[in-house]
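Reviewing the structure listed below.
Start at 1 and go down the list; that is how both ligands and their atoms are numbered. Numbering starts at 1 and runs along the sequence shown.
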Amino acid sequence: MSARKKAQVTWGGRFNAGPAELMLQFGESVSFDHRLWAQDIRGSQAHATMLAKVGILTAKERDAILRGLTAIGQEIAAGKFKWSRELEDVHMNIESALTARVPAAAKLHTARSRNDQVATDVRLWIKDQCAVIDAGLVALLQALVKLAAANQDVLVPGYTHLQRAQPVSVAHHLLAYVEMFSRDRKRVAAAADSANWCPLGSGAIAGTTLPIHRATTAKLLGFVDAKGKPRVTTNSMDAVADRDPATEFCFAAALCGVHLSRLAEDMILWSSAEFGFARMPDEFSTGSSLMPQKRNPDSMELLRGKSARFQASLTHLLTLTKGLPLTYNRDLQDDKPPLFDAADQWQLALAVTTATMSGVTFNKARCLAAASDPALLATDLADWLVVKGMPFRQAHHAVGRLVAVAEKLNKPLNKLSDGEAQSADAAFTQGWQSVFDLQRAFAARENDGMPGPKSVAREIARWQKSLR
Ligand code: ARG
């Protein structure tokens with residue numbers, strides 16, 4: 001059979017000529033949607049099982065179809081299946097291979113359209129991917145918590161406006177990312193939940209006149225709620241037009257990408273000579289072909305770059321669907337490349353971050369030297385005045401004047417004499433320098449969410465327990 005004739009098998013009844021070569025080239029999606037083969041086979045097997053249950057297929061026909069699909073799946077998995085561009089997409093490739101070996105396969109597409117079929121396949125695929133991504137996030141969280149636990153006593157300046165602000169610990173800093181990535185897990189779960197409705201039975205747009213049993217198909221495919229109750233989509237038009245699950249998945253990827261990118265940026269800064277707080281592992285750094293001394297944090301830079309790519313996928317899907325009239329439009333075929341790319345790069349990015357962070361070491365002395373800048377405790381000194389009864393606004397000014405005196409005398413804040421301090425404000429009575437003891441400063445920050453060592457240890461224990 002010629003390629004042009006072959007392409008007519010599925011829908012060619014009303015056509016005299018097959019599509020132009022250029023149209024085949026432009027319209028095919030099998031070059032990328034072949035990745036949905038496992039989901040497509042699962043979907044067809046569930047559909048055939050349901051069709052037999054309602055009497056549209058005989059048990060014999062059903063069994064022949066199930067066996068045929070299993071055999072095709074094995075061929076595909078072994079790399080022996082011949083994908084044909086002329087057959088346009090994954091659905092028609094598999095169906096036509098099945099029809100070639102099982103006559104009853106001509107009945108498989110009863111009460112089904114590629115519109116509800118592709119919606120089902122993509123939802124199944126998203127659910128599978130969410131499980132993989134969640135495992136990747138858990139591994140990253142565990143690595144970060146481990147790194148935090150090992151560096152509880154490493155003190156660093158915390159920054160606002162990239163200016164030294166107040167002292168924190170490396171552990172507290174890392175746990176900030178633990179918060180972000182655990183929120184990402186919730187967004188992944190939400191995307192999986194959004195995908196967890198079975199569109200099969202919606203047909204092309206308006207369902208079917210045949211007596212199908214949608215709950216059976218949904219159950220067979222695992223589209224069920226926490227109690228095992230089947231979840232079927234509740235509007236046939238929405239079901240074939242909806243690409244929210246893919247968009248939500250890409251949104252979760254884009255936001256997680258932002259978190260990964262911020263972590264990457266912190267590590268890039270921290271591993272620079274200017275900061276010198278961290279050393280990235282050899283395995284995830286590269287040298288320069290020209291400058292022998294270079295040690296570049298490439299994995300982190302690539303990570304920062306990937307976040308643009310995740311945002312591109314999200315923007316792609318938002319733009320693809322905006323302004324599309326209901327219901328299915330062929331534009332929607334192009335939802336897959338951005339979705340697949342987001343999933344692939346997300347998995348990789350999580351694995352690389354986990355591996356890189358697992359090998360990061362901190363230069364404790366360098367960190368401590370930076371954290372010991374007495375100016376970082378200027379706010380603590382204002383608090384000291386507040387305890388003595390001064391309103392905070394006034395205390396802020398008094399310490400501001402003290403900082404100015406120190407700057408003028410070119411002395412560190414804590415090395416001013418009592419007399420010099422009192423020239424800024426008479427309230428700097430004896431003992432004001434005690435504020436500059438770092439241990440004391442941390443011990444005073446043990447309230448919920450604060451960087452005090454006990455508070456951070458509590459958080460580490462909480463995460464260790466919840467990530468087990
Ligand atoms: N390959 C198509 C896609 O992914 C399948 C649906 C085709 N439906 C249609 N009416 N042409 O969108």
Side-chain angles (χ1 to χ4, degrees), residues 3-4 6-15 17-20 22-44 46-47 72 76 81 83-99 108-129 195 198-208 221 233 236-247 249-250 313 316-343:
R4 285 160 73 89
K6 227 171 27 181
Q8 295 177 55
V9 169
T10 343
W11 43 258
R14 74 182 303 289
F15 288 86
L22 190 57
M23 182 57 205
L24 284 177
Q25 194 189 329
F26 195 53
E28 70 84 21
S29 57
V30 69
S31 56
F32 52 87
D33 70 14
H34 68 266
R35 290 185 60 172
L36 296 171
W37 68 266
Q39 289 75 18
D40 198 67
I41 286 178
R42 267 162 73 196
S44 288
H47 185 63
I72 290 171
I76 298 172
F81 188 83
W83 296 104
S84 152
R85 196 190 56 149
E86 285 70 29
L87 291 167
E88 205 176 293
D89 59 20
V90 62
H91 322 294
M92 298 212 279
N93 266 270
I94 292 176
E95 193 186 318
S96 123
L98 185 67
T99 314
L108 176 61
H109 213 53
T110 311
R112 185 177 77 170
S113 152
R114 273 187 297 156
N115 295 354
D116 58 351
Q117 188 177 359
V118 71
T120 305
D121 291 4
V122 170
R123 281 166 181 261
L124 286 171
W125 194 85
I126 290 173
K127 284 176 64 181
D128 290 347
Q129 288 297 309
C198 187
L200 272 183
S202 303
I205 169 168
T208 173
L221 290 172
T233 52
S236 62
M237 294 179 76
D238 176 48
V240 293
D242 178 27
R243 292 299 180 270
D244 289 0
T247 311
F249 181 86
C250 288
S313 281
H316 190 148
L317 288 181
L318 290 169
T319 315
L320 183 72
T321 44
K322 89 167 266 304
L324 268 194
L326 286 185
T327 53
Y328 180 84
N329 298 271
R330 191 65 183 279
D331 320 37
L332 292 176
Q333 174 167 296
D334 255 335
D335 62 347
K336 287 159 213 78
L339 173 66
F340 292 165
D341 188 64

So which residues, sorted by chain and number, lie with a heavy atom under 4.0 Å of ligand 1?
-> Ser29, Asp33, Asp89, His91, Arg114, Asn115, Val118, Tyr328, Gln333, Lys336
Which residues share a ring-ring contact (aromatic ring centres under 6.0 Å, His included) with Phe32, sequence neighbours left out | none
Contacts of Tyr328 meeting ring-ring contact (aromatic ring centres under 6.0 Å, His included) (sequence neighbours excluded), chain-then-number -> none
Any side-chain heavy atom of Leu87 sitting closer than 4.5 Å to one from Val30?
-> no
Salt bridge (Lys or Arg N to Asp or Glu O under 4.0 Å) between Arg42 and Asp128, worked out | CA-CA 13 Å; Arg42 267 162 73 196; Asp128 290 347; 3.2 Å; yes
Carboxylate-amine/guanidinium proximity below 4.0 Å for Asp121 and Lys336 | no
Who pairs with Asp89 by salt bridge (charged side-chain N to carboxylate O under 4.0 Å, His left out), at least two apart in sequence or on another chain?
-> Arg114
